[in-house]
Number of protein chains: 2
Amino acid sequence: MATISDVAAKAGVSTATVSRALNGKSTVDPELAARVVAAASELGYHPNGLARNLRRQETAVLALIISDVENPFFTAIARGVEDVAQTAGYSVVLCNSDENEEKERRYVDVAVQERVAGVVLSPTGGATNVDVLHSRGTPVVAVDRPLPGATGDLVNVDTRLAAQEAATHLIEAGYRRVGCISGPAGIRTADDRLAGYRDAVRAAGHPDGAARVRRAEYRAAGARDATLDLLDAAEPPDALLVANSAQAIGVLEALSLREQRPGRDVGVVAFDDVPWATLVDPPLSVVAQPAYEIGRVAAELLLARIADSSRVPTTTTLGARLIARHSSRRHG
Amino acid sequence: MATISDVAAKAGVSTATVSRALNGKSTVDPELAARVVAAASELGYHPNGLARNLRRQETAVLALIISDVENPFFTAIARGVEDVAQTAGYSVVLCNSDENEEKERRYVDVAVQERVAGVVLSPTGGATNVDVLHSRGTPVVAVDRPLPGATGDLVNVDTRLAAQEAATHLIEAGYRRVGCISGPAGIRTADDRLAGYRDAVRAAGHPDGAARVRRAEYRAAGARDATLDLLDAAEPPDALLVANSAQAIGVLEALSLREQRPGRDVGVVAFDDVPWATLVDPPLSVVAQPAYEIGRVAAELLLARIADSSRVPTTTTLGARLIARHSSRRHG
DNA sequence: CTGAAAGCGCTAACAA
DNA sequence: TTGTTAGCGCTTTCAG
């Protein structure tokens with residue numbers, strides 16, 4: 001493990017000169033610089049980032065703590081964050097909190113201990129330690145869901161409105177008993193989507209929809225069971241608003257098991273425009289969220305806050321887009 | 001930013017005692033320990049991981065450099081790695097090389113500069129700098145594809161064999177002009193799957209299949225174009241082996257555009273058992289790779305190598321499983 | 001333009 | 001059991 005002083009010795013200069021030469025900071029005699037570079041490459045020298053960061057009191061890495069690596073919505077956010085971070089010279093490390101408070105806590109700890117320059121996270125929403133980021137002065141921007149403390153930047157979509165529009169779309173398409181499969185209570189997007197659904201049902205003057213609402217984890221299996229449960233009830237729903245794309249898989253499975261055809265028998269609109277939405281039969285109607293854009297904006301906000309910590313916190317709400325395909329049409 | 005000496009001052013002890021008390025290493029007088037803990041929490045003290053790691057010359061973080069965060073195959077590997085890392089007390093940071101040599105190089109640099117304890121990566125295969133990991137003594141295990149240098153542990157599947165079996169399955173199902181959509185030349189899995197396809201076609205004594213082979217990026221769009229190209233040719237294929245699940249989306253889109261029904265008109269088998277495989281019509285036949293398992297084994301190997309760097313490098317080849325659904329049946 | 005020297009925050013010998 | 005001290009490898013004043 002060659003160190004800076006090995007390089008200095010080999011080049012016959014001081015460590016300060018090596019540092020200057022390699023970082024291209026202040027000017028160094030070209031000939032010396034050449035000697036340094038040569039010595040460094042001969043020794044296979046790689047600066048010790050730990051020491052450098054300790055000295056500089058800063059790190060060019062951003063942490064991105066997301067709640068599900070297997071959800072295309074979050075991986076698209078990741079690409080957005082990554083693309084802007086790259087161009088600004090930051091690396092981004094992804095941490096998968098897995099919708100688990102314990103893991104989120106753990107990764108937040110790692111982030112502050114490793115003194116990352118900033119963190120983007122989609123909070124699980126529980127009683128976690130995100131406040132330490134705040135109290136440590138680590139810049140944070142929340143995506144998809146607000147931070148419990150409510151301070152700090154946030155980039156999200158108006159998911160309640162989007163859910164309301166989607167439910168209204170189903171109602172206008174002629175479905176009479178619109179139901180909803182949403183995520184666990186406490187997860188903000190799940191609560192909001194359910195609220196939006198209720199807004200729509202209420203506005204349409206439909207009878208109590210509570211009996212047609214189920215909550216399940218943001219996974220296929222839970223949603224499948226919940227849907228079967230609903231379908232087997234006395235007055236089953238004739239349409240479903242589904243809060244998440246993994247859940248959509250479970251819902252479609254359940255429909256298939258009960259031989260209900262999406263659209264004709266049971267209208268379906270699901271959140272997130274997954275790549276396979278057009279491949280299922282009939283094509284799935286979705287609420288498309290601008291995930292990549294969320295990541296992009298979040299990273300820009302984060303960089304701005306790193307540069308100027310006194311910025312006043314902002315909330316950026318992006319719009320979602322309803323894409324009506326055939327799973328929300330009764331005919332055709 | 002409270003430091004260890006702030007805590008020491010507040011508790012009226014030395015920094016060494018603080019360190020010992022907080023790390024629970026050697027025994028400390030219970031009363032002093034209590035004072036230290038109290039002081040630390042009052043000050044909101046979080047140890048500086050940079051300093052600690054610099055001193056200890058080690059870091060409890062693993063880097064996982066994968067070539068596509070949006071590919072379920074790789075995210076499943078990530079979960080496997082993460083699960084074993086967690087239980088061993090390591091954090092894992094995910095880096096997305098995006099099938100891009102430049103990015104891979106960059107993340108490898110970050111990994112050595114930050115002195116991570118080890119790295120798991122799926123090499124793009126180009127002329128990159130993975131050798132620096134080796135020369136720096138950073139433990140590495142490759143997943144999915146071998147390291148160019150060929151040294152080091154590897155966890156993969158016998159993808160050539162799997163491809164051959166899948167192509168043979170199509171042939172046995174009665175398809176006569178089996179074609180193949182594979183990934184870019186140079187990416188090992190793409191080359192291997194193509195080779196496996198050729199093994200099968202040759203073994204069956206089918207005429208030259210070269211005209212029914214296309215390479216495209218591991219993305220939907222390229223595969224769609226390639227498939228359209230194939231379908232519009234003089235003697236179009238009546239079946240396709242598809243090397244990647246993102247490509248499968250493009251293939252199915254192309255088939256739909258040309259009004260060819262999977263199975264009946266064109267048999268299809270694709271790599272990776274994605275969650276939506278059973279939802280498309282007809283259900284998609286796939287080659288299921290044990291992705292989670294790959295990640296698990298890779299992480300275990302990595303930890304073993306961190307503990308004992310003299311271990312002899314091993315290659316673990318896991319089996320893939322053909323799941324025949326209806327897209328590879330001509331009737332029914 | 002270059003070198004000497006201090007010190008980032010922490011841990012691990014070594015003494016007491 | 002506790003404190004003193006010496007660095008880990010690097011960057012950055014401050015002199016020269």
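Chain A is the first sequence line, chain B the second, and so forth, proteins listed ahead of strands; every chain is numbered from 1.
Taking atom CZ on A:Arg52 and atom P on D:dC8, their separation rounds to 18 Å, with Å as the unit. One can place CG of B:Leu50 at 11 Å from C1' of C:dC10, the figure rounded to the nearest angstrom. One can place CD of A:Glu58 at 11 Å from C1' of D:dT11, the figure rounded to the nearest angstrom. Rounded to whole angstrom, the span from the CD1 atom of A:Ile4 across to the C1' atom of D:dG7 amounts to 16 Å. Going from atom CG of A:Leu22 over to atom P of D:dT12 covers 13 Å, rounded to whole Å. B:Arg115 places its CZ atom 7 Å from the P atom of D:dC10, with the value rounded to the nearest Å.
The pair A:Arg219-A:Asp98 meets the salt-bridge criterion, since a charged nitrogen lies less than 4.0 angstrom from a carboxylate oxygen. Salt-bridge annotation for B:Glu82 and B:Arg79: absent, with no side-chain N of the basic residue lying under 4.0 Å from a carboxylate O of the acidic one. B:Arg311 and B:Glu300 are not joined by a salt bridge, as no carboxylate oxygen comes within less than 4.0 angstrom of a charged side-chain nitrogen.
Using a 4.0 Å cut-off, no side-chain N or O of A:Asn53 falls inside it from OP1 or OP2 of D:dC10.
Applying the salt bridge (charged side-chain N to carboxylate O under 4.0 Å, His left out) rule to pairs touching residues 35-52 of chain A yields A:Lys10-A:Glu42, A:Glu31-A:Arg35, sequence neighbours excluded.
Atoms CG and OG1, from A:Asp68 and A:Thr75 in turn, are 9.0 Å apart once rounded to the nearest 0.5 Å.
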> What string of B, S and - do you get for nucleotides 2-8 of chain C, 5' to 3', when a contact is any protein heavy atom under 4.0 Å?
Replying inline: BBB-BBB
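For the residue pair B:Ser122 / B:Ser67, a side-chain donor-acceptor distance below 3.5 Å is found, with atom types taken as modelled.
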